[in-house]
There are 2 protein chains.
Amino acid sequence: MSRQDTGIRRATISDVAREAGVSPSTASVVFSGKTPVSEATRRRVLDAASALGYTGPDPRAASLRRGRSGIVGVVFEEHLGTAFLDPVKTLMMDGLADAVTPLGAGLLLLRDHEPTGSGPSLTTAPLDAAVLIGCSGLLRESLQTVKARGIPVVVIEGDAGDDVPRIGLDNREAQRQAASHLRALGHREVAIVTLPARADWQRGWLHDDAAVTVDVTRERLAGALDVFPDATAYAAAGSFIDEGFAAGREIFADLERRPTGVIAQSDLLAAGVIRAAEEAGLRVPEDVSVTGFDGIVVDGLAPYELTTLVQPATDKGRAAGAAVAAMLEGTPAASIRFTCTFREGNTTGPAPALV
Amino acid sequence: MSRQDTGIRRATISDVAREAGVSPSTASVVFSGKTPVSEATRRRVLDAASALGYTGPDPRAASLRRGRSGIVGVVFEEHLGTAFLDPVKTLMMDGLADAVTPLGAGLLLLRDHEPTGSGPSLTTAPLDAAVLIGCSGLLRESLQTVKARGIPVVVIEGDAGDDVPRIGLDNREAQRQAASHLRALGHREVAIVTLPARADWQRGWLHDDAAVTVDVTRERLAGALDVFPDATAYAAAGSFIDEGFAAGREIFADLERRPTGVIAQSDLLAAGVIRAAEEAGLRVPEDVSVTGFDGIVVDGLAPYELTTLVQPATDKGRAAGAAVAAMLEGTPAASIRFTCTFREGNTTGPAPALV
DNA sequence: TTGTATGCGTTATCAC
DNA sequence: GTGATAACGCATACAA
C-alpha cells in the first residue's frame, strides 16, 4: 500500500474523469488544452474537478511523463545571501527570471558545494537545465556533474571550455579602456583593486599574477596591466564597499608613495576606495582618481558619480535564459560576449603634479 | 512510442540492473542506501552504472514515486531583482536556505503575479511546500492556490489568517519603543516615513490610515501613532535610500515647520532621510533625530550609526524553514512572533529648543 | 471529438 | 541480502 495511509487520497485525474463520465485522456486534455474539447464535456470535467477538489495535474507525474520539470537550476559558488549582496548578480537573476518565465520555468537556487551531503544539489534536483554563475575552479566540478547528467548548461562569466555556451563580457578590453583613460589623464602610478583572485577568497597584495584563478578577475587584471604593466594589485575578498575600503587603506597607507589612480574591478570596491581616500585626507579626483566596473547604482555614493564600465547585467541574465530556451528546444546555443560601455563620471581627473 | 525518437535512450536503473545481473530493486537500493547491500553487488552495480553512463536515479521519477520533490517554493510579490535589493529579504533567504538544506530541499524562486499567463508558478511547479514573503493583498491569491493544492504553506510577515503558520515580528510594539525613545528625548513634532502603504507602491503623504493595506506598514505605523497620534506620515514607494531621500526632502521642505524627529520604517529609508536632512542643512542628531527599523548594516552611512530596531531577519528565514520541515513531517507548525531589539545609535538626541 | 492502451523511471513492500 | 510485483499520476499515439 503506497496510498496515503491516513485520510483520503487526493483525487487524481482518473477520479475526475470517472466523476465526469469521460475517459482519463479527455479529462487530461481539458487541463492541458492540447486538443480541442467540446464545451459541454469541458464543463462537466471542470465541474467534476471542483467537486472533487482536484486542482490540476500533479506536477510530479506530469513532469515524469513529459520529461520536463520546468525547473532551471542556478548554481552559485557562494552562500546565497552573499550572492545576492552583489547587485550585478541580482540584476542577472532578474534578467534570467524574465527569460525563463515565458518558458514556464522557475529558478531553483543551488550551491555548487553543498555543505552536508544531504542537500538537493545538482545530482538530485529535477532540472531541465542549469546556469552556472561565476567560475572559480569549484564550478568545474559542478559542470562535470551537469554534463554527466546530460542537462543543458550555460555558464555566465566563466570559461567552461569548448562545448558549453558561455555568456561573457569583454572584460579585458573594457578594463583597458578605463586604464587608458587614466593614462591619458597623465596618471603613471596606479594601483589595482581586484575581485577575489582565487576560490579561497583571500585578501592581500597580489604578487604573482599566476595566482589568479578566477576568470573575471584575471581578465580585468590583464586589461589594466596592458596599460600599466607595473601597477601593484591588491585582491579584495569580495565585491563590497567594505572590502574596497580595506584595500584603499592599504593602498593609501604610505602617503608618500601613494598612487594617483586606482583601478577597482567593481563599483562597490571603487566606492570603498573612495571612502578610504577621504579618510586619508585625499580628495577625489583632485588627489586621486578612481575607476569602477559594472555601472551599477551605488547607494550613498552621491555626490560622486563613478567613472566606470557599464556592463549589461540584466541582458546577460536574459541571454542566459535565451540560451537555455534554445537548448531546451534542441537548438544549440551560441556563446555571447557582451560589450561594456565606458562612462566617465567625476571620480577621475588629471593626475596631480608630482607628489 | 514515447521513447526518444532520435539517438539513444538514457540508461535507466533497469538497464543498470540488467548489466550488473541484479534486480532493479537491488540496483535502486544501491543508490538510495536505504537497505544494506553486500559490497560485492554494490560494486557490480556501480561499475555497471558507470559503464552505461548512468548518473543516478531520475529525480522526476523518484519524486513521483516518493511523493516528494525536494523543492520549496519561495513566493515574492515583486520582481526578483527588487526583492533582493532588500537586505532583510536577503538575510531571510539565507536563513531559509540554511533551514531547508538539511531537509534535502532546494528553493524555487516564484513570483505570485506572473506577467504573461504562461508562467509556471504555483500551479504547476512540483512543490513540497511554499513560503510566501511579504503581504500585500496579492499574496491572498497565491495563498488560495497553494492551499487548494494542499501544499503546506508558511507566511513571513503577513497575515494569512487562521490556519496558516505565520512568521512575524512585534512590529507595533517595537516601533512604539523607538517612538517612546524620541518622546523621552523631548520630541513633539514627529514625521513618519513608511514603507509602501499599498500594493500599488505609490509615494506620497498618507492622509488616510485606512489606505494602508500592507500589514507591516500598518503595524509599524500604528506603533508610531500610539506615541505620536498627530504625526504626519509619508509613504515611500519602496525600501531604498533614494526613497528615504525623496521623503526627507518633502518633510524638510518647509524648514519653519519641520519636525524634530523622523521615524523611518526601515534603515534604508532612514539613511535617505539623513541625507535629505544634511542637504537641507540640518545636523543629525542636533537638529533632527532619525530612527530606522531592521538593524541591517547600511553601507556608506558611516559615521552615523542608526538608532533602530534590530530584527532577527535570518532567524525569521530559519523559522520559516523549520515550520516547513515540521509540516512536511506532518506536525502542525505554530506561528512565531519574533521580538525586535531596540538599539540606540548616534542618530537620535535631545529635541532642539523651539525652532 | 473522444476513448484505449501503454509506459515514463522509480521505489515501497513483502516474500524469499 | 536479494528479487518479484505493484503502484506513483499522468500524457500521448493511435484507433474509433
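Computed over heavy atoms, backbone and side chain alike; hydrogens, waters and symmetry mates excluded. We name chains A, B, ... by the order of the sequence lines, and we start the count at 1 in each one.
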Is a donor on one side and an acceptor on the other found under 3.5 Å between the side chain of [X] and the backbone of [Y]?
X      : Y      : result
B:D128 : B:S69  : yes
B:R166 : B:V155 : no
B:D15  : B:T12  : yes

Stretch residues 40-56 of chain B: residues that reach within less than 4.0 Å of DNA chain D through a heavy atom: B:T41

Nucleic acid contacts of residues 28-39 of chain B, taken as heavy-atom distances under 4.0 Å to DNA chain D: B:T35, B:P36, B:V37, B:S38

Whole angstrom value for the distance that separates [atom2] of [N] from [atom1] of [X]:
X      : N      : atom1 : atom2 : value
B:R60  : C:dT11 : CZ    : C1'   : 17 Å
B:L64  : C:dT11 : CG    : P     : 11 Å
A:D15  : D:dC8  : CG    : P     : 10 Å
B:D128 : D:dC8  : CG    : P     : 18 Å
A:R68  : D:dG9  : CZ    : C1'   : 20 Å

Less than 4.0 angstrom between a side-chain N/O of [X] and OP1 or OP2 of [N], yes or no?
X     : N      : value
B:T26 : D:dG3  : yes
A:T12 : D:dG9  : no
B:S25 : C:dT13 : no

Using a 4.0 Å heavy-atom cut-off, does A:I13 contact any base of the nucleic acid, only the sugar-phosphate backbone, or nothing at all? sugar-phosphate

Nearest to the side chain of B:A62, which nucleotide is it out of C:dG9, D:dA11, C:dT11? C:dT11

Under a 4.5 Å cut-off applied to non-hydrogen side-chain atoms, are B:F76 and B:L109 in contact? yes

Could you check whether the side chain of B:R65 and the base of C:dT11 have a donor-acceptor pair of N or O atoms closer than 3.5 Å, going by distance alone? yes

Between A:S142 and A:L132, the two heavy atoms sitting closest are CB-CD1, 4.4 Å

How close do B:G321 and B:A99 get, heavy atom to heavy atom, and via which atoms? CA-CB, 3.6 Å

Where do A:S28 and A:S25 land on the side-chain hydrogen bond (donor to acceptor under 3.5 Å, both in side chains) test, with the steps shown first? CA-CA 5 Å; A:S28 171; A:S25 53; over 6 Å; no

Relative to each other, are the rings of B:F84 and A:F84 parallel, tilted or perpendicular (30° and 60° limits)? parallel

Judged by modelled atom types alone, do A:S23 and A:T26 share a side-chain donor-acceptor pair under 3.5 Å? yes

